[in-house]
Asks: 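Before I ask anything, here is the structure I am working with.
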Amino acid sequence: MENGNSQERRNVIRVGTRKSQLARIQTDSVVEMLTNKFPEAHFEIVAMSTTGDKILDTALSKIGEKSLFTKELENALERNEVDLVVHSLKDLPTSLPPGFTIGAVCKRESPYDAVVFHPKNAEKSLESLPTNSTIGTSSLRRAAQLKKHFPHLQFKDIRGNLNTRLKKLDEHDDFSAIILAAAGLRRMGWENRIDQVLSPEQCLYAVGQGALAVEVRAKDQDILNMVSALLDPQTVLRCIAERAFMKRLEGGCSVPVAVSTSIEDSQLYLTGAVYSLDGSDCLKETMQRTVVFPHEVRLNLMTSPKKPDGLGLPCVLSLNT
């Protein structure tokens, strides 16, 4: 009996995640997809707090650490305490530690930003809010763009997980509205709280927003083979382009960098922009490239795990210049 239990423990695949409710929901969805594809596998979720979860009294842009929500998870991966880690891709720096790679990027949820209004402002929009109304956001990217489009509004930092930020909005009068990722609200089952979705013309989104990434050890071929079954080709290609743009600019939480991507008729379109903090200055450009999808994307992903594209993603799909 003891030997059986020991064997079972060795066959368990440990999945690292943050402790927040949203992170757990996201990780549960990835584990569910893996279980459906590999019913013989056994998964154990290992939850932990990250630096970004612990420091709640300082704006993200002022902390000065690029791996705010990933470092502790990657440390556990390096120590073989977990076998894979589920991240919100937008939290993952464009340069990963040596020996790690992104084994899969799952099909993207909505990448757009959403506005949630204080109950007293129900039925309003950002355009119709009174002058000097205060909008809560922890993102320089959102604040810079919205200051430009809605100069009659004020913007103030708000920290905490989704539950905490919604509570701050609903139970106090500090904010007329807050800006959140639509994907997080939908995954939490709170789509009814979305009062306004911001279009790319109003607010370009964050690199990788709405996508979930599975980070693994690059040399762990069995785990790589398994998680690669989850990748979504169009999401992967769009996110490679977005992360390449971010990497080129060396942007992060402290720089208002924003993107929008789409694929239509084998053409990849990327609009990228960088803003001054007050939104008054902006460099914005749209590029277009023909894209080629291999016949067997999953196998192509796994052919050269030791030769990543520099963004933490193995070269999966090609862009023709």
Asks: Looking only at the side chains, is there a donor atom on one of T261 and R238 sitting less than 3.5 Å from an acceptor on the other?
Replies: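 Judged by distance alone, the side chains do pair up.
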Asks: Report the C-alpha distance between Q221 and N225 in whole Å, list the side-chain angles of each, state the deciding distance to 0.1 Å, and finish with yes or no for side-chain hydrogen bond (donor to acceptor under 3.5 Å, both in side chains).
Replies: CA-CA 6 Å; Q221 192 66 51; N225 287 338; 3.1 Å; yes
Asks: Taking L77's backbone N and O only, do any of them form a donor-acceptor pair with R217's side chain (distance below 3.5 Å, no angle check)?
Replies: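 Yes; judged by distance alone, with no hydrogens or angles, the pair exists.
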Asks: Could you walk me through whether Q145 and Y275 pass side-chain hydrogen bond (donor to acceptor under 3.5 Å, both in side chains), step by step?
Replies: CA-CA 7 Å; Q145 293 181 83; Y275 299 85; 3.2 Å; yes
Asks: Is the cationic atom of K156 (NZ for Lys, CZ for Arg) positioned less than 6.0 Å from the six-membered ring centroid of F175 and within 45 degrees of its normal?
Replies: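 Judged by the rule, K156 and F175 form a cation-pi pair.
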Asks: Cut-off 3.5 Å, side chains only: do T290 and Q267 have a donor facing an acceptor?
Replies: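 T290 vs Q267: donor-acceptor pair found between side chains.
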Asks: Salt bridge (Lys or Arg N to Asp or Glu O under 4.0 Å): which pairs involve residues 183-212, sequence neighbours left out?
Replies: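 Sorted pair list: E109-R186, D170-R193, R186-E191.
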Asks: Going by atom types alone, do Q209 and D113 pair a side-chain donor with an acceptor below 3.5 Å?
Replies: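 Note: Q209 and D113 side chains meet the donor-acceptor criterion.
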Asks: Under 3.5 Å, side chain of N161 to main-chain N/O of T164, donor-acceptor pair present?
Replies: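 Pair found, side chain donor or acceptor close to backbone of T164.
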Asks: Taking transitive links into account, so neighbours of neighbours count too, which hydrophobic residues share a cluster with I179 at under 4.5 Å side-chain distance?
Replies: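 Its cluster mates, by chain and number, are V115, F117, L126, L129, I135, L146, F150, L153, F155, L198.
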Asks: Using only atom types and a distance under 3.5 Å, with no angle test, would you say the side chain of D278 pairs donor to acceptor with the backbone of S280?
Replies: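 The answer is yes, because a donor-acceptor pair under 3.5 Å joins these two groups.
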Asks: May I ask you to decide if V12's main-chain N or O and E44's side chain share a donor-acceptor pair within less than 3.5 Å?
Replies: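 Answer holds: no.
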Asks: Less than 4.5 Å apart, any side-chain heavy atom of I13 and any of V31?
Replies: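 Sidechains of V31 and I13: no contact.
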Asks: Are any side-chain N or O atoms of S20 and backbone N or O atoms of A23, one a donor and one an acceptor, separated by less than 3.5 Å?
Replies: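 Yes, because the side chain of S20 sits within donor-acceptor range (under 3.5 Å) of the backbone of A23.
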Asks: If we count only N and O atoms by modelled type, under 3.5 Å, do the side chains of T271 and E285 hold a donor and an acceptor together?
Replies: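 The answer is no; no qualifying pair exists.
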Asks: Are any side-chain N or O atoms of H172 and backbone N or O atoms of K167, one a donor and one an acceptor, separated by less than 3.5 Å?
Replies: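 No, H172 side chain to K167 backbone: no donor-acceptor pair under 3.5 Å.
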